[in-house]
Amino acid sequence: MADGAFGRARLKIVLIVEGETEEAFLEPLRGFLQKRLRGNMPRFSPNKHDGRIPTGAKLKRVVERHLAEGADAVIALTDVYTGTREFADAADAKKKMSDWVGSTTKFYPHAAQYDFEAWLIPYWERIQTLSGSNRAKPSRSPELLNHTKPPAYRITEIFATGKKRFYSKPRDARKILEGQDLSIAANECRELKALLNTILSLCGGEPLG
């Protein structure tokens, strides 16, 4: 296995994320990485935010603070759909975050297109089981479910149809992903694959093809 990008085994990676995304995603992410980074797992330090992650000059200050405190890399993860039309798509979100933070080789912007729930859509059978609904899987690719009716809306809708309970991101997203291989979703969601490959590459792992 190749050396990590910073030439050390235990990188400290700060994840700037929404609080609910951290609660739903960090455990499945660790499980995915442990199988591919044996002996070379990073130390994650989540920076959780209620609602949206910081933007503009505030994001720059947050990133600079973490780097000054010894982070080897800072990864920011935002949804494209934030309730506003600030980001046209994932590429636009990543470019704006890069522009806000400025030149640093240790900042890695990522975006879920159009929101985190796009990465749950590939596990639709599990969603049907948890929701108690047999509603059909959306026919479009998860990352093409856009501002008009984003993935989170689709999943909220199927839970409402099943009438077992309302969809709760921290609770139900974690259950949807429990025991699942994230590479399945990565094969359908290139933005998830990009995020996973950033972490794998930083830690000397083999990126997903």
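Because the structure is predicted, anything quoted here is derived from the model rather than measured.
- Residues passing the side-chain contact (heavy atoms from CB on, under 4.5 Å) test with Gln128 are Trp124, Glu125, Ile158, sequence neighbours excluded.
- Checked by atom type and distance alone, the side chain of Tyr167 never pairs as donor or acceptor with a backbone atom of Ser131 at under 3.5 Å.
- Going from atom CD of Glu86 over to atom NZ of Lys96 covers 5.5 Å, rounded to the nearest 0.5 Å.
- One distance of note links CZ of Arg174 with CD of Glu20; it measures 11.0 Å at 0.5 Å rounding.
- Put simply, OG on Ser139 and CG on Leu144 are 10.0 Å apart, with the number rounded to the nearest 0.5 Å.
- For Lys48, the NZ atom is loosely surrounded, since the number of other residues' heavy atoms within 6.0 Å does not exceed 12.
- A donor-acceptor pair is defined here as one N or O able to donate and one able to accept, closer than 3.5 Å; no such pair exists between the side chain of Asp79 and the backbone of Thr82.
- In this structure, Phe116 CZ and Glu191 CD are separated by 14.5 Å, a value rounded to the nearest 0.5 Å.
- Hydrophobic clustering of Ile, Leu, Val, Met, Phe, Trp and Tyr side chains at less than 4.5 Å, counting indirect connections, unites Leu208 with Met41.
- Heavy atoms only, all atoms of each residue included: Ala90 and Gln113 are closest at N-OE1, 2.7 Å.
- With hydrogens and angles left out, the side-chain atoms of Thr21 and Lys169 include a donor and acceptor closer than 3.5 Å.
- Side chains of Phe25 and Leu182 form a contact here, defined as non-hydrogen atoms less than 4.5 Å apart.
- Between Lys193 and Glu143, no side-chain nitrogen of the basic residue sits less than 4.0 Å from a carboxylate oxygen of the acidic one, so the salt-bridge criterion is not met.
- Distance check: Ile155 CD1 to Glu117 CD gives 5.5 Å after rounding to the nearest 0.5 Å.
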Apply the test side-chain contact (heavy atoms from CB on, under 4.5 Å) to residues Arg126 and Glu178: give CA-CA distance (whole Å), side-chain angles for both, the deciding distance (0.1 Å), then the verdict. CA-CA 10 Å; Arg126 178 69 172 156; Glu178 189 175 62; 4.1 Å; yes
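- The two residues Arg154 and Leu145 come nearest to each other via the heavy atoms NH2-CD2, 3.4 Å.
- In this structure, the side chains of Phe44 and Ile75 stay at 4.5 Å or more apart for every pair of heavy atoms.
- Using a 4.5 Å heavy-atom threshold, the side chains of Leu33 and Leu200 count as touching.
- When the side chains of ILVMFWY residues are joined at heavy-atom separations under 4.5 Å, either directly or via intervening members, Leu202 and Leu29 end up in a single hydrophobic cluster.
- A salt bridge is defined here as a Lys NZ or Arg NE, NH1 or NH2 lying under 4.0 Å from an Asp or Glu carboxylate O, and Lys149 with Glu157 meets this definition.
- The closest side-chain heavy-atom distance from Pro28 to Gln180 is not below 4.5 Å.
- The shortest non-hydrogen separation linking Pro122 to Ala118 is CD-O, 3.4 Å.
- Connection of Leu26 to Ile13 is established within a shared hydrophobic cluster, with ILVMFWY side chains joined at heavy-atom distances below 4.5 Å, either directly or through further cluster members.
- Remark: side-chain polar atoms of Arg65 are not paired, donor with acceptor, to backbone N or O of Arg61 under 3.5 angstrom.
- Looking only at side-chain heavy atoms (C-beta outward), Leu37 and Pro42 come within less than 4.5 Å of each other.
- The two residues Lys164 and Thr129 make their nearest non-hydrogen contact at NZ-O, 3.3 Å.
- For the atom pair NE2 of His110 and CD1 of Ile199, the computed distance is 7.5 Å after rounding to the nearest 0.5 Å.
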Determine, step by step, whether Phe159 and Ile127 satisfy the side-chain contact (heavy atoms from CB on, under 4.5 Å) criterion, reporting the C-alpha distance in whole Å, the side-chain angles of both residues, the deciding distance to 0.1 Å, and the verdict. CA-CA 8 Å; Phe159 271 83; Ile127 293 170; 4.2 Å; yes
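- Of all non-hydrogen atoms in Pro151 and Ile121, the two that sit nearest each other are CB-CG1, 4.3 Å.
- Salt-bridge annotation for Lys35 and Asp181: absent, with no side-chain N of the basic residue lying under 4.0 Å from a carboxylate O of the acidic one.
- Counted within 6.0 Å of CZ on Arg190, heavy atoms from surrounding residues, nucleotides or ligands total 12 or fewer; the atom is thus considered open.
- Under a hydrophobic-cluster definition in which Ile, Leu, Val, Met, Phe, Trp and Tyr are linked whenever side-chain heavy atoms come within less than 4.5 Å, directly or via other members, Leu195 and Ile184 are assigned to the same cluster.
- Clustering of Ile, Leu, Val, Met, Phe, Trp and Tyr by side-chain heavy atoms under 4.5 Å joins Val74 with Val14, Ile16, Ile53, Leu59, Val62, Val63, Leu67, Val80, Tyr81, Phe87, Met97, Trp100, Val101, Phe107, Tyr114.
- Looking at Glu206 and Arg36, their side chains never come closer than 4.5 Å, going by heavy atoms from C-beta outward.
- The two residues Lys94 and Ala111 come nearest to each other via the heavy atoms CG-N, 4.1 Å.
- The shortest distance between side-chain heavy atoms of Trp119 and Pro142 does not fall below 4.5 Å.
- Pro54 places a side-chain heavy atom less than 4.5 Å from the side chain of His49.
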